[in-house]
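Residue numbers start at 1 and run along the sequence shown.
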Amino acid sequence: MLEIVLNNVSKNYGNKRILKNINFEVKTNEKVALIGPNGCGKTTILKLIGKEENPTTGEVFIRKDAKVSILSQYPDESLSKEIVKDILNSSFIELNELKEKLSQAEQKLLEGTDLDKAILKFTKLQEEFIQKGGYEIDSKIEKLVAAFHVEELLEKQFKDLSGGEKTIISLIGILLKEPDILLLDEPTNHLDIKMLEWLENYLSNCNKTIIIVSHDRFFLDKVTTKTILIDNGEEEIFHGNYTYYLKENEERVMREFNAYKNQQKQIEAMKTSIKRLKEYGKLAYPCGEKFFRRAASIEKRLEKMEVLDKPRNKDSINLRFNVEKRSGNDVISFNRFDLSIGDKELLKKADCLIKFKERVCIMGPNGCGKSTLIKEIINNNPNIKIGSNIRIGYIPQNIVFENENTTVIEEARKYFIGYDEHLRSALTKFLFYAEGIYTKLNCLSGGERLRLKLFCLMQQDSNLLILDEPTNHIDINTKEILEEALKEYQGTIIIVSHDRYFINKIATRILMIKDKKLISYVGNYDDYKRRVENI
């Protein structure tokens with residue numbers, strides 16, 4: 001059965017066209033990934049399906065009586081004064097209305113007037129309440145709250161939560177509504193590995209129609225069975241998960257490029273034939289009419305030919321980290337190291353040795369001390385030994401520049417050695433074009449901040465890269481470029497990340513923080529999972 005149909009849908013914001021003639025269908029219980037570069041219109045499509053916006057042209061059809069819920073990237077600030085447990089209880093709108101009717105019917109019973117009629121009404125409402133799971137509300141809330149480890153948030157006001165906590169509470173609220181159609185815009189942001197795995201399992205096995213916008217490729221591979229690429233305002237459909245899309249898309253681009261190349265050869269050959277035939281016609285004058293007729297015939301064929309566009313390359317960033325001076329063999333080490341924040345103990349008697357050219361990923365649940373450990377390394381904690389000739393390049397989780405009122409080119413100029421024209425040229429390789437180099441830093445998106453920070457980092461001769469959640473806020477294309485650059489990097493890498501696809505590409509060792517211990521596993525994320533599942 002069809003749940004969602006987009007028919008020739010276009011969407012403009014002012015004079016800017018975001019989507020043009022989008023067409024696709026989603027069937028009952030399909031799990032669909034919506035992918036594409038930042039700004040391509042993925043969130044707009046979710047809003048159109050969720051009836052939060054209307055198309056400029058075309059039509060969006062939703063199955064009659066289908067219940068639709070949408071998780072936005074940005075929490076609903078209208079809930080700011082609400083208590084978390086009240087927000088979660090309000091997800092059961094129909095049951096809460098039924099509960100109120102049941103309470104009123106119970107009051108009629110106590111009044112004792114028209115008792116037979118009151119008993120019948122109360123019994124009927126109670127049966128409906130039981131059938132619809134009215135007495136399971138608390139257990140449903142408890143199950144999801146436990147899965148996301150947010151029990152301590154229930155009595156807090158929504159406004160007092162962190163951005164990640166707001167996202168998690170919003171997600172729980174939507175899951176409690178049990179919609180037929182679930183629209184999820186970046187649902188994996190701020191979730192740790194345990195939460196991600198729980199959500200993957202839930203979404204994979206639930207009987208719901210789901211459309212997911214996410215840059216988490218591992219998550220998409222686990223959950224989705226259909227991929228819709230939005231690029232340049234148009235859609236392309238792939239009947240498989242993200243890895244299937246990668247393979248098929250690469251083959252499609254190759255076919256298109258070969259078809260374009262062959263057609264260009266054919267066009268050049270036809271133009272050469274036309275030119276040669278006309279020359280023959282001139283040489284054979286006055287009997288060269290037949291050559292001119294043949295040349296005119298080929299010209300007509302050429303005019304009628306539908307010329308293929310050259311396949312468009314992805315926007316790419318020229319990332320290459322140079323390491324001129326290598327470090328010593330022992331890069332970072334500590335023994336019986338204790339780490340705390342206030343009264344909270346994070347690590348107890350932890351040992352660690354990171355060697356030259358290792359690619360180490362620090363993992364663990366939210367709040368276990370990953371970023372805190374990184375900051376202690378950066379801040380030269382006296383109990384952490386930094387090896388010889390170490391030059392650290394650091395990208396924090398939240399990128400903030402010293403002066404947010406300066407421009408991209410002014411910030412880049414602090415690190416770049418060379419003429420301004422060379423600097424402008426270098427910035428274009430990081431997708432800062434024309435007037436974009438004069439954008440103020442406080443106007444940059446998360447992805448643009450990362451690109452600029454990477455540019456500045458690459459001007460320094462760093463032989464130890466420390467990256468705290470580097471794949472947050474960047475699209476898949478930029479992730480892939482970053483991965484390739486890090487794989488070629490000739491220094492040592494320490495990363496904090498929940499991006500399992502990224503970890504699989506980069507890591508040669510996992511340092512897992514668990515129960516205040518630092519446990520080392522050789523290999524990437526898949527190697528770590530095999531190891532712990534066999535224990």
To the nearest 0.5 Å, how far apart are [atom1] in [X] and [atom2] in [Y]?
{"X": "Y489", "Y": "R359", "atom1": "OH", "atom2": "CZ", "answer": "10.0 Å"}
{"X": "F129", "Y": "E136", "atom1": "CZ", "atom2": "CD", "answer": "10.0 Å"}
{"X": "I274", "Y": "E299", "atom1": "CD1", "atom2": "CD", "answer": "4.5 Å"}
{"X": "L457", "Y": "I466", "atom1": "CG", "atom2": "CD1", "answer": "10.5 Å"}
{"X": "T43", "Y": "L46", "atom1": "OG1", "atom2": "CG", "answer": "6.0 Å"}

Evaluation steps, side chain to side chain contact (heavy atoms under 4.5 Å, CB included), between S69 and I181 = CA-CA 6 Å; S69 287; I181 297 172; over 6 Å; no
Residue pair [X] / [Y], side-chain donor-acceptor N/O under 3.5 Å:
{"X": "N258", "Y": "N262", "answer": "no"}
{"X": "S72", "Y": "D185", "answer": "no"}
{"X": "E3", "Y": "T28", "answer": "yes"}
{"X": "E53", "Y": "Y13", "answer": "yes"}
{"X": "N96", "Y": "N89", "answer": "no"}
{"X": "T224", "Y": "N241", "answer": "no"}

request  = Report the C-alpha separation of L19 and I230 in whole Å, then their side-chain angles, then the decisive distance to 0.1 Å, and conclude whether the side chain to side chain contact (heavy atoms under 4.5 Å, CB included) test is met.
outcome  = CA-CA 9 Å; L19 303 170; I230 306 296; 4.1 Å; yes
Is any side-chain heavy atom of [X] closer than 4.5 Å to a side-chain heavy atom of [Y]?
{"X": "I4", "Y": "I211", "value": "yes"}
{"X": "T478", "Y": "I476", "value": "no"}
{"X": "K265", "Y": "Y260", "value": "no"}
{"X": "Q397", "Y": "S371", "value": "yes"}

inquiry  = Quick test of your reading of the model: are K487 and E484 salt-bridged, counting only N-O distances below 4.0 Å?
reply    =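 So K487 pairs with E484 through a salt bridge.
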request  = Please assess I267 against M305 for the test side chain to side chain contact (heavy atoms under 4.5 Å, CB included), listing each intermediate value before the final yes or no.
outcome  = CA-CA 9 Å; I267 289 169; M305 183 180 289; 3.7 Å; yes
request  = Decide if atom CD of Q131 counts as having more than 12 heavy atoms of other residues, nucleotides or ligands within a radius under 6.0 Å.
outcome  =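 Open: at most 12 neighbouring heavy atoms sit under 6.0 Å from CD of Q131.
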ask   = Under 6.0 Å from the NZ atom of K194, do we count more than 12 heavy atoms belonging to anything else shown?
value = no
key: Residue that, paired with F238, satisfies ring-ring contact (aromatic ring centres under 6.0 Å, His included) out of F24, Y245, Y244   =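 In the set F24, Y245, Y244, the residue that makes a ring-ring contact (aromatic ring centres under 6.0 Å, His included) with F238 is Y245.
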Test salt bridge (Lys or Arg N to Asp or Glu O under 4.0 Å) applied to E483 - qualifying residues, sequence neighbours left out =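 With sequence neighbours excluded, E483 shows a salt bridge (Lys or Arg N to Asp or Glu O under 4.0 Å) to R217, given in chain and number order.
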inquiry  = E469: which residues meet the salt bridge (Lys or Arg N to Asp or Glu O under 4.0 Å) condition with it, sequence neighbours left out?
reply    = none
task = Start with the C-alpha gap between R530 and D526, add the side-chain angles, then the distance that decides, and say whether side chain to side chain contact (heavy atoms under 4.5 Å, CB included) holds.
result = CA-CA 6 Å; R530 281 191 290 268; D526 284 344; 4.0 Å; yes
inquiry  = Is the terminal nitrogen or CZ of R449 (NZ for Lys, CZ for Arg) located under 6.0 angstrom from the six-membered ring centre of F401 and within 45° of that ring's axis?
reply    =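 Relative to the ring axis of F401, which defines the angle, R449 lies outside at least one limit.
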request  = Hey, can you tell me if Y525 and Y528 have their rings parallel, tilted or perpendicular (30° and 60° cut-offs)?
outcome  =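 If you compare the ring of Y525 with that of Y528, the planes turn out tilted.
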request  = Measure up the F416 and F455 rings against each other and bin them: parallel (under 30°), tilted (30 to 60°), perpendicular (over 60°).
outcome  = parallel
inquiry  = If you apply the rule salt bridge (Lys or Arg N to Asp or Glu O under 4.0 Å), what do you find for E248 with R252, and how did you get there?
reply    = CA-CA 6 Å; E248 287 296 308; R252 175 189 64 81; over 6 Å; no
